[in-house]
Trainee: 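Next up is a structure, given as structure tokens.
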Amino acid sequence: MNPGSAIATFKNPEGPLYHGGAVAYALLAYGVGIAGLFQPSWITNGLATLLLAHGMTIAAYMLHECGHNIVFAENSANARLGRFLTWICGASYGTYEDIRFKHFRHHVDVDDVVWFDYGRFFREHPGVLRATQVLEWFYVPAHDLIMHFIMIFTSFVIPQRRDQRARNVAVILVRGALFLTALWFFPKAALCYALAFMIMITVLRFMDSLQHDYGYHLTLFSKEPSPRQGDLAFEQEHTFSNPHSFEDSWLNWLTLNFGFHNAHHAKPITPWWRLPALHRELFGDDAANVIPLSAQLRIFHKYRVSRVADGSADDDGDLEAWGRSFLVAAREGRVEGGNAASFLTSF
Amino acid sequence: MKRWQCQMCGFIYDEADGLPDHGIAPGTRWEDIPDDWTCPDCGTSKGQFEMAERVA
């Protein structure tokens with residue numbers, strides 16, 4: 001192998017810097033963060049927890065880049081990196097292919113396409129709903145932890161994925177043994193890891209929460225084409241961007257520019273560092289076209305309990321009236337947003 | 001011959017290779033692929049492809 005061959009495998013000329021840099025940062029933050037959890041100092045533990053959480057978050061967004069085959073020229077190389085990153089961000093119980101499948105159904109069907117009807121689940125289990133709401137009041141991402149719990153036992157819960165049981169059990173044993181060993185011998189480190197994971201989940205769902213105004217539909221395994229398929233105008237009308245800042249672009253690097261969601265949906269194979277420029281090219285420089293961070297924070301705080309029970313399958317709300325008016329309401333902090341839409345959840 | 005890239009998932013259709021597993025023979029030009037054909041990787045429509053490279 002010549003020295004340039006590894007670089008040549010990146011899909012974009014800037015890939016070694018931006019994609020390579022993001023993966024290197026994610027792995028470094030993960031490694032240093034894990035090591036920091038085992039230190040005696042509580043301050044070090046706290047800083048390490050934050051670093052670990054951010055490393056996992058960047059790994060998750062790089063997994064998203066791999067899913068769109070943006071990182072490497074060869075799609076098989078994207079898949080290899082993507083599978084590896086599922087281990088970093090705690091999404092390795094199911095398969096990388098299932099994560100991609102659901103994510104592309106979201107893009108192609110212009111819908112939140114799911115298998116698990118959490119609205120019905122909460123209605124049938126009011127005690128679980130109440131416990132989830134109490135935990136959410138304390139900012140514990142309980143709703144998404146339920147989704148993650150299902151993800152852990154994916155092949156035992158989802159009939160269409162029964163053939164993954166051997167792999168699923170192997171992953172549970174490996175990850176479970178590591179976590180329980182840490183919990184037994186280094187309980188502080190294990191709890192800090194769990195906290196870092198919850199911070200990652202919180203960041204991911206904070207970003208997802210307002211990016212679309214349509215509801216979810218139980219059509220993940222349906223062969224019927226979505227009525228919205230290919231409706232690019234509808235897709236843009238009901239997709240919203242929520243960059244952390246419109247002026248200080250570096251702030252958006254904290255989540256690899258995932259807030260420029262209209263640009264991502266307009267051209268999904270655009271690498272993360274080009275999304276701000278694509279947004280300005282397509283939608284202009286008007287900050288009124290995005291949901292500001294201050295409004296997101298207000299919504300995140302104010303509706304953290306009520307949004308848990310807000311969802312119901314096949315309920316799109318008043319989509320005719322939403323779109324632009326949803327954006328206006330979101331900018332004023334008057335919409336609840338949603339949970340459980342992370343691309344790490346493959347059902 | 002040309003290569004066409006899905007703007008959704010990055011899948012490449014290479015006219016030289018075709019997609020024999022999907023009934024498209026090697027050498028099949030992009031314009032000869034039916035309009036209702038969908039990306040074998042992500043399922044999006046033919047209209048979501050753009051020419052990525054002119055090979056020869």
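Per chain, numbering begins at 1; letters A, B, ... match sequence-line order.
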Trainee: For chain A, find its close neighbours in residues 26-42 of chain B: heavy-atom separation under 4.5 Å, sorted by number, or none.
Mentor: B/Asp41, B/Cys42
Trainee: Inspect the surroundings of OH in A/Tyr25 and state if more than 12 heavy atoms from other residues, nucleotides or ligands are less than 6.0 Å away.
Mentor: yes
Trainee: Please classify the contact of B/Ser45 with chain A as side chain, backbone, both or neither, using a heavy-atom distance under 4.5 Å.
Mentor: neither
Trainee: Name all residues meeting the salt bridge (charged side-chain N to carboxylate O under 4.0 Å, His left out) criterion together with A/Glu281; count only those two or more places apart in sequence or in a different chain, and write none if there are none.
Mentor: none
Trainee: Given that the side chain runs from C-beta out, which part of A/Ile70 has a heavy atom under 4.5 Å from chain B: side chain, backbone, both or neither?
Mentor: neither
Trainee: Can you name the salt bridge (charged side-chain N to carboxylate O under 4.0 Å, His left out) partners of A/Glu14, sequence neighbours left out?
Mentor: A/Arg274
Trainee: Sort A/Arg105 into side chain, backbone, both or neither according to what part of it lies under 4.5 angstrom from a heavy atom of chain B.
Mentor: neither
Trainee: Do the non-hydrogen side-chain atoms of A/His107 and B/Gln48 ever get within less than 4.5 Å of each other?
Mentor: no
Trainee: What parts of residues 6-13 of chain B touch chain A if we use heavy atoms and a cut-off under 4.5 Å?
Mentor: B/Cys6, B/Gln7, B/Met8, B/Cys9, B/Gly10, B/Phe11
